> 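Let me begin by handing over the structure; questions about it come next.
Protein chains get the first letters and strands the later ones, always in sequence-line order, with residue 1 at the start of each. All values reported here derive from a predicted model rather than from experimental measurement. Worth knowing before you read on, the calculation uses all heavy atoms, side chains too, and leaves out hydrogens, waters and symmetry mates.
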Amino acid sequence: MKVDLSLAIGGFQGGGIESAGQIALRAFVLKGYEVFGSREFHSNIIGAHSYYHIRVGGKALRLPLDALIALDAESIFTHLQSLSKEALLICDQYSLTTKASEIPSMSKALKRRIEQNYGDLSLNKILTDQELKIVALPMRDLLKELSHERSMISVSKALNVMGISAGLYLLGLNKETIKKAIEGQFSNPGINLKAMEIAIEKVKDLERKELPDGKKEDKLILSGNEAVAMAKISSGLDFLSFYPITPATDETLFIEKSGKIITVQAEDEISAIGMALGASLAGLRASTSTSGPGFSLMNEMVSFAVQAEIPIVITLWMRSSPSTGIATRTSQQDLLHAIFSGHGDTPKVVIASGDHSEAIEDTARAFELAEKFQIPVIHLLDKFIASAITTVDKNAFRTLPKRDFSENSDGYLRYKITEDGISPFLPIGRATMIVSSLEHDEYGSATEDPVDREKMILKRIKKLEKASEVLSEESYSVYGDHEPEITIVSFGSTKNAIMEAIEELKIPIKFVQLRILSPFPDLSKELVGKVLVIESNAGQLSFLLKVHCRVDGTAKKLNARPIYVDEVVKAIKAFMNGEKEVIMSEGV
Amino acid sequence: MKGFDYKTDAWIQWCPGCGNYGILTALRNAIAEVEIDPKKLVIVSGIGCSSRIVYYIRGSNVHTIHGRAIPVASGIKLANPDLMVIVAGGDGDLLGIGAGHFVALGRRNIDLKVLIHDNAVYGLTKGQAGPTLPSAVKLRAMNYPNSHEALNPLLLAFASGYTFIARAFAYHVKPLKDLIKEVLMHRGSAVIDILQPCVTYNDLMTRDWFEKRIYYLDSLPNESELLQKMKEVDRIPLGVFYKIEKETFDQKINSIMGRKNKGVRNV
Ligand SMILES: Cc1ncc(C[n+]2csc(CCOP(=O)(O)OP(=O)(O)O)c2C)c(N)n1
Ligand SMILES: [Mg+2]
């Protein structure tokens with residue numbers, strides 16, 4: 001029996017939703033299942049609705065939900081329409097008497113939609129003719145039981161553990177597994193273990209089916225931010241400068257915490273990249289991380305890095321734009337921004353990863369490419385990957401050799417013209433030189449001579465052509481059928497949802513997943529049948545593919561939520577029925 | 001004498017009589033007297049007439065972009081603390097577009113020496129008002145009198161936490177050279193505001209104008225007179241205003257992280 005579950009736990013931000021989600025992930029991993037957990041939250045510190053969506057038995061998110069653990073009424077209202085017909089709903093008794101209009105934190109837009117669909121009714125009225133399996137727990141009484149030793153306020157923090165314990169138990173995990181997961185989550189699990197006992201005791205007589213054991217593997221459970229941070233450390237990162245911004249900060253703080261790497265919080269993103277470029281010039285392996293707004297500020301420095309030929313890895317965690325947009329939600333809106341960043345002819349590499357394992361692989365590759373070609377490499381990731389948690393192979397991490405500085409320092413020419421355009425690199429402090437943002441001669445002295453200028457621009461372009469040759473094979477992955485009716489082209493975090501959708505559809509479909517977007521690979525031989533682009537923006541990859549090849553239709557995700565398998569299935573079907581533009585709107 | 005050669009074969013592009021020549025000579029002489037190996041000498045500049053200085057002194061130099069010399073220099077110094085890293089740039093570069101970095105450097109106390117070529121104009125873009133130009137002044141190339149108040153670089157440096165703050169005059173080459181030597185010996189963020197007449201665009205603050213106003217401080221001002229000395233405008237004091245020893249940024253990072261700065265390994 002293949003176990004395949006989609007569940008969510010929701011509550012208010014600050015209410016331990018993330019811990020509860022992680023307990024669930026741990027528990028299913030302990031049981032031997034593949035897991036994928038995604039965290040959705042508001043740009044708010046405390047109070048707004050937040051939830052954790054967990055997929056068991058796959059690496060992509062699916063809707064509808066088989067189970068919802070709702071720690072408050074808002075969670076039920078929010079996810080009401082995402083529940084499968086007979087979904088398990090675990091909630092607080094008290095929530096059921098609540099009306100949407102009584103919840104101050106809930107958005108006006110959602111209240112309006114609920115009112116339109118159901119009228120302003122309390123939940124028990126709305127839920128009466130539904131076939132959901134509702135388990136309404138007397139949460140206050142349960143907390144009182146727990147509060148023998150402590151104050152009500154301190155035990156109320158264990159509400160999340162009560163909810164998730166009851167949920168996991170009813171979904172078929174045994175007490176021992178849940179206990180281990182809780183112990184793994186908290187350094188001091190005492191009160192939480194008691195909360196678990198109380199919750200399970202309350203539901204133990206309800207109908208449940210014990211889940212079979214899966215295949216146990218010794219893997220790491222990591223968020224995307226952590227995966228990239230660890231990959232940078234393992235790659236031998238020496239220097240990281242950053243300015244705090246969601247969803248990049250968790251990566252940088254993880255690296256800072258490791259204590260092994262010079263980590264500087266800069267005064268802004270211009271300085272963050274400027275310091276990293278300085279450190280790189282002095283011979284260190286250097287990087288900075290940011291998201292759209294910060295990368296906008298870095299643009300002039302990207303152009304400088306190209307012109308002055310300085311290796312740098314910029315990790316760009318895309319979030320929902322334009323402007324401040326929805327700071328804590330996902331998107332793929334910075335594709336063109338990354339590719340066309342920096343004024344002037346600015347050859348650079350842009351890499352995109354489809355999941356955690358690829359993000360780890362690409363991090364090392366980004367350093368290799370940046371250092372070999374002495375160019376900026378922009379590593380595109382997004383908020384979805386940043387905060388999603390899944391399992392990763394323990395030996396996925398590579399180490400890289402030190403940068404090579406074997407060139408003779410006598411008569412050193414920083415911008416020596418060579419056949420492949422690559423001039424041997426010596427760090428600042430090892431030879432006299434000028435590293436220059438002005439057009440320069442081979443030494444680095446400023447020049448406006450037309451012949452010098454032409455040579456230098458061709459030299460910089462040649463490096464990208466070389467990169468293109470080196471990368472050609474690795475610029476994209478091809479999955480699925482090789483004589484298909486349609487070819488899907490995509491990049492980044494849409495990958496696993498697309499793969500699963502193709503598996504489910506059982507029609508011959510080819511999937512070209514782009515890993516390198518600059519230099520843009522030649523896809524002319526790969527595009528067979530009708531071409532559908534799938535992306536989480538208003539058509540940026542479509543635009544590129546139209547310029548380079550051809551496109552017949554685009555499926556877009558614009559609501560700042562992750563992509564779900566079932567909406568991809570629908571989008572492909574719609575495309576095959578002749579629709580040229582499909583908007584995928586799932587997710588809350 | 002090690003006899004290092006700091007000359008380059010670049011043709012110097014500054015206007016005849018430009019104050020930058022005085023700064024160039026003073027800096028080159030100071031470096032020669034301290035005998036810094038050109039390979040270990042790192043001059044980092046932004047963009048402007050003054051920032052061209054990186055082409056005129058042989059070193060391991062970096063010409064960055066407008067206003068951003070300080071971040072790049074900071075990265076270099078943190079990566080390799082053995083280098084002598086000097087930041088040079090205009091008043092527009094360091095106190096206009098790059099003002100945020102100027103403040104941040106003071107707060108960090110990284111061992112960088114900042115030379116402000118202060119001509120009160122944007123020289124390279126042909127004479128617009130610079131951040132240190134007094135208000136209501138209308139210079140040759142300006143359409144209207146200056147509607148901004150002048151920024152006082154010394155007060156900004158003091159408020160930001162610089163541990164060495166001085167002012168000099170570009171045409172007084174020997175005192176400037178001696179001051180630069182002193183700054184080269186200082187450990188921490190240091191700044192010299194160098195008054196530098198722009199012979200082409202600043203037709204008010206000429207050599208003559210400065211020479212009527214400048215005078216040298218007899219000694220380091222004490223705490224009670226420091227701010228008043230920094231604020232003086234009718235007569236313009238030159239010399240060292242403020243100088244203290246304080247833990248530098250890399251020392252702090254190292255003690256927080258409980259390790260020695262790795263700097264550039266294998267270099
Ligand atoms: C981002 C950016 N904006 C504007 C410019 C144009 N620009 C070049 S130099 C300069 C000002 C120079 O003034 P200052 O820094 O005081 O140097 P000076 O020429 O007076 O020595 C400006 C505005 C530029 N190069 N980059
Ligand atoms: Mg100026």
> In this structure, are over 12 heavy atoms from other groups packed under 6.0 Å from A:D449 atom CG?
yes
> Taking B:G100, B:G59, B:A104 one by one, which has the highest count of heavy-atom pairs under 4.5 Å against chain A?
B:G59
> Passes side chain to side chain contact (heavy atoms under 4.5 Å, CB included), A:L438 versus B:H63? Steps please.
CA-CA 8 Å; A:L438 297 192; B:H63 194 189; 3.6 Å; yes
> Give, as side chain, backbone, both or neither, the part of A:L281 having an atom under 4.5 angstrom from any heavy atom of chain B.
side chain
> Using atom types as modelled and distance alone, determine if a side-chain donor or acceptor of B:S60 lies under 3.5 Å from a backbone N or O of A:I428.
no
> For B:R108, is it the side chain, the backbone, both or neither that has a heavy atom under 4.5 Å from a heavy atom of chain A?
side chain
> I want to check something: taking the side chain as every heavy atom from C-beta on, are B:D250 and A:I262 in contact at a cut-off of under 4.5 Å?
no
> Out of curiosity, A:I434 CD1 to B:I43 CD1, how far, rounded to the nearest 0.5 Å?
9.5 Å
> Is it the case that more than 12 heavy atoms not belonging to A:K459 sit under 6.0 Å from its NZ atom?
yes
> Nearest 0.5 Å, please: how far is CG in B:N61 from CZ in A:R414?
14.0 Å
> Any chance CG of B:D9 has more than 12 other-residue heavy atoms, nucleotides or ligands included, within less than 6.0 Å?
no
> To the closest 0.5 Å, what do you measure between OG1 (A:T263) and CD1 (B:I253)?
7.5 Å
> Which answer fits A:S303, side chain, backbone, both or neither, if we ask what part of it has an atom under 4.5 Å from a heavy atom of chain B?
neither
> Taking side chain as everything from C-beta outward and backbone as N, CA, C, O, which of these in A:A431 sits under 4.5 Å from a heavy atom of chain B? Side chain, backbone, both or neither.
backbone
> Using heavy-atom distances under 4.5 Å, tell me whether A:S241 contacts chain B through its side chain, its backbone, both, or neither.
neither
> What distance separates A:T447 OG1 from B:Y55 OH, expressed to the nearest 0.5 Å?
10.0 Å
> On a heavy-atom basis, which atom in A:A279 and which in B:A79 lie closest, and how many Å separate them?
CA-CB, 3.8 Å
> Could you grab the distance from atom CD1 of B:I65 to atom OG of A:S436, nearest 0.5 Å is fine?
12.0 Å
> For the OH atom on A:Y243, are there more than 12 heavy atoms of other groups (residues, nucleotides or ligands in this structure) within a distance under 6.0 Å?
no
> Do B:H101 and A:M275 have side-chain heavy atoms sitting under 4.5 Å apart?
no
> Taking the side chain as every heavy atom from C-beta outward, state whether B:I47 and A:S437 have any atom pair closer than 4.5 Å.
yes
> Under a 4.5 Å heavy-atom cutoff, which of B:Q13, B:R107, B:R58 has the most pairs with chain A?
B:R58
> With rounding to the nearest 0.5 Å, note down the distance linking CG in A:L426 to NZ in B:K39.
9.5 Å
> Are any side-chain N or O atoms of B:K40 and backbone N or O atoms of A:G429, one a donor and one an acceptor, separated by less than 3.5 Å?
yes
> Among B:L83, B:V54, B:V42, B:T64, who wins on heavy-atom pairs under 4.5 Å with chain A?
B:T64
> Please determine whether the number of non-hydrogen atoms from other residues, nucleotides or ligands lying under 6.0 Å from atom CD of B:E247 exceeds 12.
yes
> Side chain, backbone, both or neither: which part of A:Y443 has a heavy atom under 4.5 Å from chain B?
side chain
